Structures are given as C-alpha cells and as structure tokens.
Amino acid sequence: MTTYDIALIGFGGVNRTLAELIATRGERLRSELGFGLRIVAITDLRLGSLVQPEGVDLSVALKLGGENETFAAHGGSADTNNESVIRNCTADIICEATFTNPDDGEPAVSHVRWALESGKSVCTTNKGPVALRGAELSALAEQNGVHFEFEGAVMSGTPVIRLAKKMFAGLKLNGFEGILNGTSNYVLGRMEAGLDFHAAIREAQELGYAEANPAADIEGYDVQLKVLILANELLDAGIELKDVHRQGISTVTPEDIRKAAREGRRWKLIGAAGRNPDGSVTAGVSPVALPLDHGLAGVSGATNAVSFETDLLGAVTISGPGAGRVETAYALLSDIIAMHAARTEVSANA
Ligand SMILES: NC(=O)c1ccc[n+]([C@@H]2O[C@H](COP(=O)([O-])OP(=O)(O)OC[C@H]3O[C@@H](n4cnc5c(N)ncnc54)[C@H](O)[C@@H]3O)[C@@H](O)[C@H]2O)c1
Ligand SMILES: N[C@@H](CCO)C(=O)O
C-alpha cells in the first residue's frame with residue numbers, strides 16, 4: 001500500500017489539526033482510502049524545524065508550543081530552515097499553511113515554488129500564492145509532473161473549486177456572489193445580537209476563524225483574494241488583485257445594523273464577479289444590506305455560501321463551513337485524496 005510522506009510548513013491551527021487527524025484517524029484513512037500518511041518534517045516560525053525521515057513522533061510534536069519551546073530540544077533546530085527543509089526532505093507532499101500575505105503572497109509563494117521545483121506536490125490553504133501567483137505555480141507543477149491543490153483557499157473544507165470545475169463542465173458560468181469570509185459573517189451576526197464589534201472579533205479569533213491580522217477579514221482583503229481565485233479558476237477571468245474592488249465591514253455601525261433590522265434587511269459582506277457582454281469580468285467585495293428573503297441573508301456564523309449563475313441551471317448555491325481548524329484541515333486531506341485519485345487513474349491508464 002502507498003504511504004505518502006508529508007511535510008507541514010507552518011504548525012498553527014490548521015496544520016496541527018491535520019497532524020491530529022493523521023494521528024487519530026490514520027488507520028481508518030488507510031483502510032477506507034487505500035493509502036497511508038506519515039509526517040516526516042515540520043517547520044514553524046515559532047518552533048523552528050524538525051526533519052525525521054522515519055516519521056515524526058506526533059505525540060511529542062503536538063505537545064510543543066509553550067513559550068520559548070522549540071524543536072531544538074527534540075532533535076531539530078530552532079530555525080525554520082524552510083528552503084533547505086522543503087527542497088531536501090523526503091516528503092512527497094508539502095502542506096503549506098503559514099500566514100496569508102495579501103500583498104505579494106510571500107514567503108508562501110517561495111515555499112510552494114521550492115517544493116514544486118524539487119518534484120514535490122503541494123496542497124495549501126494559503127490564499128496568497130493561489131490568488132496572486134496561481135497560474136504560474138500551476139504551470140510549474142505541470143512542468144514538474146506534480147500536483148498543486150488548494151481547495152481550502154476558498155470556503156475551507158466545503159468543496160467549491162474542484163466541485164465546480166468537475167461538475168459544471170458543459171455549463172457556462174456567468175458569475176457568482178457569495179459570503180466568503182467566516183470571521184466577518186460571524187462578527188456581523190454577533191453585532192446583530194448586540195455584542196460590541198471588538199468583542200465579536202475576539203470571539204472569532206478564539207474560535208480559530210480569523211486571520212493572524214483580523215483586519216484582513218474585516219477590511220475585505222480575504223474576500224478580495226477569494227473572489228480573485230474563483231474568478232480566475234472558474235470564470236477564466238484573467239484578472240489581477242487591483243481589478244477586484246474592495247470594501248470591508250468596518251464602516252457598518254451598530255446603528256446601521258439596527259436600522260437594517262427595522263427595515264427587514266441584514267448586512268452581509270458580499271464577494272461577487274460577473275461576466276460582461278464583451279466577455280470581461282467585473283469583480284468586487286462590499287457590505288450589502290440584503291432583504292431577509294435573499295438566499296444569502298440567512299447564512300449565519302462562520303458558514304459561507306456561494307451562488308453560481310449558470311446558463312442551463314440558473315443559480316446553483318453551495319453552502320458549508322467557511323472557516324475553522326478542523327474544517328480547513330479536512331480541505332488539505334481532500335487535496336491529498338484528489339492527488340491520490342489522479343495518481344491511481346494515471347497508473348490504471350498506463
Ligand atoms: N483557520 C481557518 O479557518 C482557515 C481557513 C481557510 C484558510 N486558512 C488559511 O490557512 C493558513 C493557516 O491558517 P491557521 O489558522 O493555521 O493560521 P495560524 O496563524 O494558526 O498558523 C499559521 C502558522 O504558520 C506559522 N508561520 C508563519 N510564517 C511562517 C514561515 N515563514 N515559516 C514557517 N512557519 C510560519 C506561524 O508560526 C503559525 O504557527 C492561513 O494562510 C489562513 O489564511 C485558514
Ligand atoms: N479568516 C478566514 C479563514 C478562511 O479563509 C475566514 O474567516 O473566512
């Protein structure tokens with residue numbers, strides 16, 4: 001039976017949860033999916049790096065995280081050594097889950113590039129490399145005969161990108177609109193329930209929904225990246241970040257929320273893209289007070305939903321978790337499952 005060796009780049013909420021899933025469900029995954037997973041390297045800004053080709057002892061690694069604790073005391077190094085670990089470790093697959101940088105995607109873009117150049121497949125939940133350098137990195141993966149998967153970059157583990165690519169074949173997609181950020185949706189809901197804006201953000205951080213800098217969620221940068229990913233991956237829009245207009249929810253006041261409620265409306269942060277008659281695509285993100293009978297008005301908490309406008313089916317809506325450690329770790333697992341399925345198909349056809 002195949003065993004895939006995995007390197008985790010970033011050992012925060014998402015990759016730690018993936019490690020826990022591998023530790024607790026490894027046997028079940030092996031029997032149900034026909035492959036095993038073994039973690040052979042971990043790097044993290046705070047912990048340093050650990051490379052153990054025979055398999056990292058997860059019972060030790062998962063306990064680390066106290067102040068000043070690093071891998072140096074456990075056979076590793078206090079430095080991340082990302083380039084050397086990524087290029088030289090024995091992993092087949094690199095799971096990249098470091099901070100999303102909405103400006104240029106770095107250093108995650110380099111992490112992904114080093115992996116693909118050295119013949120390793122990559123799955124990532126990091127929106128930066130996918131939104132800002134997705135086409136280039138997908139081409140690099142193809143050149144090197146490896147995979148670049150990123151289902152968790154949009155709507156965490158809820159299948160959207162692969163599902164739309166596979167199941168909408170034969171349909172023409174004319175656009176989409178959706179709630180694509182769990183934190184801001186959670187915050188708007190808590191404010192509607194009377195909670196203070198900053199207290200609501202703190203709750204979203206504690207629940208593991210928010211970005212390292214929650215301004216990315218609140219000011220719409222996160223949705224801007226997700227709209228860019230969906231527009232380029234599914235509408236073939238060929239647009240750049242500057243083409244996606246952005247406005248976040250920081251301008252929505254408690255009074256705006258109360259007024260909307262009196263008028264039978266609810267504020268939502270909406271990301272959308274639509275095809276114009278000349279074939280170009282217009283995209284943006286902004287807060288909108290939706291009427292309560294709108295399909296997206298009832299989407300609450302960290303749940304996300306996206307409604308695709310298709311030529312033959314009309315609107316098709318996908319809804320599910322949009323953030324959360326377990327939900328996003330599952331996205332990485334689904335990427336690995338997709339890579340295994342592609343590999344199995346190639347061997348069957350050989
Ligand atoms: N948490 C979610 O709900 C969710 C959902 C979808 C996508 N994402 C994305 O997944 C990624 C990880 O999210 P998370 O919730 O685990 O974040 P997190 O902040 O909990 O963890 C990120 C980890 O990466 C480490 N890191 C940062 N820069 C690094 C570097 N250069 N080298 C090595 N390690 C580095 C940090 O020390 C931290 O431990 C982010 O890009 C986020 O946008 C998160
Ligand atoms: N911070 C993001 C994580 C998912 O990308 C959110 O709240 O939706």
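One-based numbering, in listed order, for ligands and for the atoms of each. Please read all numbers here as calculations on a predicted model, not as lab measurements.
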Which of the numbered atoms in ligand 1 are below 4.0 angstrom from a heavy atom of F11? 39 (O)
Please list the nearest protein heavy atom to atom 7 (O) of ligand 2 with its residue and the distance rounded to 0.1 Å. T183 OG1, 2.7 Å
Closest heavy-atom pair, N232 versus G238, reported as atoms and distance to 0.1 Å, is OD1-N, 2.9 Å
Indicate whether the side chain of E345 and that of H340 have a donor and an acceptor atom separated by less than 3.5 Å. no
For ligand 2, which atoms, with element, lie under 4.0 Å from some heavy atom of Y209? 1 (N), 2 (C), 3 (C), 6 (C), 7 (O)
Proximal ligand 1 atoms for H111, defined as those under 4.0 Å from one of its heavy atoms: 31 (N)
Just need the protein heavy atom nearest to atom 25 (C) of ligand 1, so name the residue and atom and give the distance. D44 OD1, 3.2 Å
for atom 33 (C) of ligand 1, nearest protein heavy atom and its distance come out as L45 N, 3.4 Å
To check your reading of the model: name the closest protein heavy atom to atom 17 (O) of ligand 1, its residue, and the distance in Å. G13 N, 4.5 Å
Of the non-hydrogen atoms in M339 and S121, which two are nearest, and what is the gap between them? SD-CB, 3.7 Å
Residue portion contacting ligand 2 (non-hydrogen atoms closer than 4.0 Å) for D217: side chain
Determine, for F35 and R30, whether the Lys NZ or Arg CZ falls below 6.0 Å from the six-membered ring centre while staying within 45 degrees of the axis. no
Quick one: does R16 get within less than 4.0 Å of ligand 1, heavy atoms only? no
Counting from 1 in the order shown, the ligand 1 atoms closer than 4.0 Å to a non-hydrogen atom of G208 are 1 (N), 2 (C), 3 (O)
Atoms of ligand 1 less than 4.0 Å from G324 heavy atoms? 2 (C), 3 (O)
Considering non-hydrogen atoms of the protein only, which is the closest contact for atom 4 (C) of ligand 1, and what is the distance? T328 OG1, 3.5 Å
How far is atom 42 (C) of ligand 1 from its nearest protein heavy atom, and which residue and atom is that? E211 OE1, 3.6 Å
Given L8, I86, V14, which has its nearest heavy atom closest to atom 16 (O) of ligand 1? V14
Just distances here: any N/O of E211 and N/O of ligand 2 closer than 3.5 Å? yes
Only one of N82, N81, T98, D79 passes side chain to side chain donor-acceptor pair (under 3.5 Å) with T43; say which it is. N82
What do you reckon, does G182 have a nitrogen or oxygen under 3.5 Å from a nitrogen or oxygen of ligand 2? yes
Check each atom of ligand 1 against the heavy atoms of G10 and keep those under 4.0 Å away; list them by number with element. 24 (O), 25 (C), 34 (N)
Is there a donor in the side chain of S250 and an acceptor in the side chain of E219, or the other way round, less than 3.5 Å apart? yes
Purely on distance, is any nitrogen or oxygen of K127 under 3.5 Å from one on ligand 1? yes
Just heavy atoms, cut-off under 4.0 Å: does E327 contact ligand 1 by side chain, backbone, both, or neither? neither
Atom CZ of F148 with >12 non-hydrogen neighbours under 6.0 angstrom: yes
Note: ligand 1 atoms sitting under 4.0 Å from heavy atoms of P107 are 31 (N)
Within the 3.5 Å criterion, strictly below it, is a donor on E106 or S110 matched to an acceptor on the partner's side chain? yes
Going by heavy-atom distance to atom 6 (C) of ligand 2, choose the closest among N181, L207, N304. N181
How far is atom 10 (O) of ligand 1 from its nearest protein heavy atom, and which residue and atom is that? T125 OG1, 2.7 Å
Where is the nearest protein heavy atom to atom 19 (O) of ligand 1: which residue, which atom, and how far? F99 CE2, 3.4 Å
Nearest heavy atom to atom 11 (C) of ligand 1: which of T98, D222, L47, T100 does it belong to? T98
Modelled atom types, side-chain donor and acceptor of R275 and T282, under 3.5 Å: no
Do we see a donor-acceptor contact under 3.5 Å between the side chains of T124 and N126? no
Relative to the heavy atoms of A323, which atoms of ligand 1 are at a distance of less than 4.0 Å? 3 (O)
Side-chain heavy atoms nearer than 4.5 Å, only ILVMFWY residues, links allowed to pass through others: does that put I270 and V306 together? no
What residue and atom, counting heavy atoms only, is the protein's closest point to atom 12 (C) of ligand 1, and at what distance? A97 O, 3.4 Å
Is atom 31 (N) of ligand 1 in close reach of the protein, with a heavy atom under 4.0 Å away? yes
Check each atom of ligand 1 against the heavy atoms of G152 and keep those under 4.0 Å away; list them by number with element. 6 (C), 7 (C)
Compute the shortest N/O to N/O distance between N82 and ligand 1 and return yes if it is under 3.5 Å, no if not. yes
For ligand 2, which atoms have a heavy atom of G322 less than 4.0 angstrom away? 4 (C), 8 (O)
